[in-house]
Amino acid sequence: EAGSMQGQGVMAHGIVRATVASGVLQRISDRVYRLEDRFVNLYVIDVGKVALVDTGTRRAEPLVRQGLKELGKEVDDIGMVLLTHHHLDHMGTAGVWKREARAQVGVHEKDAPVVAGDERRKGQGVGMRGKAMVLFANLFSRALAADPVPVDRTFGDRETLDILGLRVETIYAPGHTLGSCAFYLTSDHILFAGDAVNARRGKPEPPVFIEDAEAAKDSFRKLVAMEV
């Protein structure tokens, strides 16, 4: 399977939000931090216990451990892992935290079979950038392959989740994958857009690695139009 290698966006007030670095952690709000795992971003939400939004590639494990250390946390403090989609660069360490912390793993119902290892899918590239990304991903997919992870929670569109006491709304955003899903943290007005919005070049763009081209365009327009 070819994984996605696109920058993951956190959006606030319609733009990619600037952050302040502290060690490996980049602070987005009083309780939300970003970690950069070369190709993608993953997020730590600290409410005493910890929720992760995406988990990077499998090589991101030391990065996550360091981020937890900077917050004065232990691995056992991870209570929830939310995955925006099934790609190996977003679910790479989910199995580690499920095994070591007994964290619950949640993903949209349409990507759950892929995360669990019961289904395989391949995407396609849009334009030269997308085709180059597919080639790159195919070259490194074996080295970065993620182990299947049993899924504890699945959800659909516009559901309200209680994540460690925080209200998180799901926003189904298919296209990049068939089960891509954004998460809106209402208390902090932060939208975790995942790869449905590609912010690698400094401005919001639609993904160029997709499973459904028209759905990807529709999801991108929907997310960037949101007033968060």
Side-chain angles (χ1 to χ4, degrees), residues 1-12 14-17 28 34-43 52-60 81-94 105-112 114-115 121-127 129-138 140-141 144-146 149 155 157 168 170-185 190-226 228:
E1 175 196 275
S4 163
M5 300 297 178
Q6 296 174 224
Q8 181 189 19
V10 166
M11 301 180 65
I15 61 173
V16 177
R17 187 163 187 169
I28 294 174
R34 178 169 67 184
L35 291 167
E36 293 187 0
D37 176 32
R38 294 189 64 190
F39 306 118
V40 296
N41 301 315
L42 50 146
Y43 298 91
L52 299 179
V53 180
D54 289 329
T55 67
T57 67
R58 70 180 187 181
R59 295 181 180 179
V81 173
L82 289 175
L83 299 175
T84 58
H85 60 290
H86 70 72
H87 283 152
L88 54 84
D89 53 342
H90 289 256
M91 61 167 285
T93 64
V105 175
V107 68
H108 189 276
E109 58 195 7
K110 289 193 176 180
D111 270 10
V114 187
V115 171
R121 292 196 208 126
K122 288 188 176 181
Q124 59 182 325
V126 177
R129 281 181 60 228
K131 289 177 171 54
M133 192 174 294
V134 171
L135 177 61
F136 179 80
N138 286 336
F140 288 94
S141 60
L144 298 176
V149 181
F155 33 76
D157 188 26
V168 176
T170 67
I171 303 166
Y172 182 41
H176 180 61
T177 68
L178 300 184
S180 288
C181 189
F183 304 108
Y184 181 46
L185 180 58
I190 292 175
L191 176 68
F192 300 93
D195 282 353
V197 177
N198 182 358
R200 181 166 292 281
R201 298 201 295 185
K203 63 178 182 179
E205 297 177 325
V208 294
F209 185 88
I210 47 90
E211 291 179 3
D212 184 324
E214 290 307 311
K217 293 175 185 176
D218 290 342
S219 294
F220 171 77
R221 286 191 288 263
K222 176 175 67 175
L223 292 178
V224 297
M226 285 184 61
V228 297

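Atom CG of L223 and atom CZ of F192 lie 13.5 Å apart (nearest 0.5 Å). The structure places SG of C181 at 9.5 Å from CD of E109, a figure rounded to the nearest 0.5 Å.
At least one side-chain heavy atom of H90 sits less than 4.5 Å from a side-chain heavy atom of T84. Using a 4.5 Å cut-off on side-chain heavy atoms (C-beta onward), D111 and R121 make contact. Residues I28 and Y43 are in side-chain contact: their nearest non-hydrogen atoms beyond the backbone lie under 4.5 Å apart. Looking only at side-chain heavy atoms (C-beta outward), V107 and H86 stay at 4.5 Å or farther from each other.
Checked by atom type and distance alone, the side chain of H176 never pairs as donor or acceptor with a backbone atom of A216 at under 3.5 Å. Under the 3.5 Å distance criterion, the side-chain polar atoms of D195 are left unmatched by any main-chain donor or acceptor of P207. A donor-acceptor contact shorter than 3.5 Å links the side chain of D37 to the backbone of T57.
T55 meets the side chain to side chain contact (heavy atoms under 4.5 Å, CB included) test with L52, V81, L83, T93, A94, W97; sequence neighbours excluded. Partners of Y184 according to the ring pair (Phe, Tyr, Trp, His ring centres under 6.0 Å) rule, which considers only residues two or more places apart in sequence or in another chain, do not exist here. Residues that satisfy the side chain to side chain donor-acceptor pair (under 3.5 Å) test with D212, not counting sequence neighbours, are absent from this structure. With sequence neighbours left out, the ring pair (Phe, Tyr, Trp, His ring centres under 6.0 Å) criterion links F155 to F183. When the salt bridge (Lys or Arg N to Asp or Glu O under 4.0 Å) test is applied to D218, the partners found at least two apart in sequence or on another chain are R221. Applying the salt bridge (Lys or Arg N to Asp or Glu O under 4.0 Å) rule to K222 yields no partners; only residues at least two apart in sequence or on another chain are considered.
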Any chance you could lay out the side chain to side chain contact (heavy atoms under 4.5 Å, CB included) test for T170 and H108, step after step, and finish with the verdict? CA-CA 9 Å; T170 67; H108 189 276; over 6 Å; no
Intermediate values then yes/no, side chain to side chain contact (heavy atoms under 4.5 Å, CB included), M226 and I171: CA-CA 11 Å; M226 285 184 61; I171 303 166; 3.4 Å; yes
Test side chain to side chain contact (heavy atoms under 4.5 Å, CB included) applied to V40 and D54, step by step: CA-CA 9 Å; V40 296; D54 289 329; over 6 Å; no
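L178 approaches P174 most closely through the heavy-atom pair O-CB, 3.7 Å. Looking at every heavy atom in both residues, V197 comes nearest to P204 through CG1-CB, 3.8 Å. Among all heavy-atom pairs drawn from S219 and A173, the shortest one is OG-C, 3.1 Å. Residue K110 comes nearest to G179 through the heavy atom pair CB-CA, 3.8 Å, listed as atom of the first residue, atom of the second, then distance.
With hydrogens and angles left out, the side-chain atoms of E211 and H85 include no donor and acceptor closer than 3.5 Å.
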